[in-house]
Amino acid sequence: MGSAAPRSASVLLLLLLLRRAEQPRGAELTFELPDNAKQCFHEEVEQGVKFSLDYQVITGGHYDVDCYVEDPQGNTIYRETKKQYDSFTYRAEVKGVYQFCFSNEFSTFSHKTVYFDFQVGDEPPILPDMGNRVTALTQCPNASPTPLPPLRAPV
């Protein structure tokens with residue numbers, strides 16, 4: 001009889017871990033990138049899982065950095081040079097550690113402050129069955145019983 005409690009606790013823990021594995025995960029970070037420097041970050045991603053990287057230079061120089069993303073085999077899947085901001089989304093073709101790097105190696109005197117948001121996994125809909133619901137926005141084209149007059153040009 002004493003083994004029932006630990007067993008149900010184990011099952012509950014397993015269910016919680018599985019639920020957690022389904023949820024998207026991510027990280028946001030703001031960091032300083034010195035002149036003539038490169039900073040890399042790493043994240044394990046399962047095959048077939050979508051990830052996205054959004055970044056922006058918020059201070060320094062011409063507000064630009066180089067950025068690239070490599071897959072676990074070292075193939076470059078994204079590369080941009082001297083960008084102030086950008087977004088990149090990708091569905092992992094292989095399981096493994098993906099690396100994304102920011103470089104300020106082209107600058108000899110100005111350091112940068114860089115913000116990034118790295119998300120792994122698909123965002124679940126806010127409401128279940130959201131795609132099949134009628135909302136205020138889907139009703140707008142049919143809201144007026146008579147057509148509206150055309151807009152006039154400014155005077």
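Only a predicted model underlies this, so the values are computations on that prediction, with no experimental measurement involved.
Inspection of the Asp117 and Gln119 side chains reveals an N or O donor paired with an N or O acceptor under 3.5 Å.
With Tyr90 as the aromatic partner, Lys50 does not meet the cation-pi criteria of under 6.0 angstrom to the ring centre and within 45 degrees of the ring axis.
In this structure, Asn104 contributes its side chain and Ser110 its backbone to a donor-acceptor pair below 3.5 Å. A donor-acceptor pair under 3.5 Å is formed between the side chain of Arg91 and the backbone N or O of Gly48. A distance-only check finds a donor-acceptor pair linking the side chain of Asp66 to the backbone of Lys82 [under 3.5 Å].
Ring orientation note: the planes of Phe51 and Phe118 are tilted relative to one another, at an angle of 30° to 60°. The aromatic rings of Phe116 and Phe31 sit perpendicular to each other, their planes meeting at more than 60°, with 30° as the lower class boundary.
Glu93 CD: 12 or fewer foreign heavy atoms inside a 6.0 Å radius. Other residues, nucleotides and ligands contribute more than 12 heavy atoms inside 6.0 Å of the OH atom of Tyr78.
The CZ atom of Phe88 lies 11.5 Å from the CG atom of Asp54; values are rounded to the nearest 0.5 Å. Put simply, CD on Glu43 and OH on Tyr98 are 12.0 Å apart, with the number rounded to the nearest 0.5 Å.
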| field | Working for disulfide bond (SG atoms under 2.5 Å apart), residues Cys101 and Cys40 | value | CA-CA 4 Å; Cys101 299; Cys40 295; 2.0 Å; yes
| said: Between Tyr55 and Tyr85, does the ring pair (Phe, Tyr, Trp, His ring centres under 6.0 Å) criterion hold? Intermediate values first, please. | reply: CA-CA 5 Å; Tyr55 66 92; Tyr85 60 89; 8.4 Å; no
| task | Check step by step if side chain to side chain contact (heavy atoms under 4.5 Å, CB included) holds for Leu53 and Val69. | result | CA-CA 9 Å; Leu53 171 66; Val69 179; 4.1 Å; yes
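Inter-residue side-chain proximity for Glu105 and Ser107 is flagged as unmet; no heavy-atom pair is nearer than 4.5 Å. Using a 4.5 Å heavy-atom cutoff, the side chains of Leu29 and Phe41 are in contact. When side chains are defined from C-beta on, Ile58 counts as touching Thr113, because their heavy atoms get closer than 4.5 Å.
A salt bridge between Lys95 and Asp71 is absent, with no side-chain N of the basic residue lying under 4.0 Å from a carboxylate O of the acidic one. Using a cut-off of 4.0 Å between Lys/Arg side-chain N and Asp/Glu carboxylate O, Lys112 and Asp64 are scored as salt-bridged.
Thr89 approaches Ser52 most closely through the heavy-atom pair OG1-CB, 3.5 Å. In terms of heavy atoms, Val94 sits closest to Pro72 at CG2-CD, 3.6 Å.
Each of His42, Arg79, Gln99 was evaluated against Glu70; a single residue qualifies, Gln99, per the side-chain hydrogen bond (donor to acceptor under 3.5 Å, both in side chains) test.
By the criterion of side-chain heavy atoms lying less than 4.5 angstrom apart, applied directly or through intervening Ile, Leu, Val, Met, Phe, Trp or Tyr residues, Phe100 is not grouped with Tyr68; the two fall into different hydrophobic clusters.
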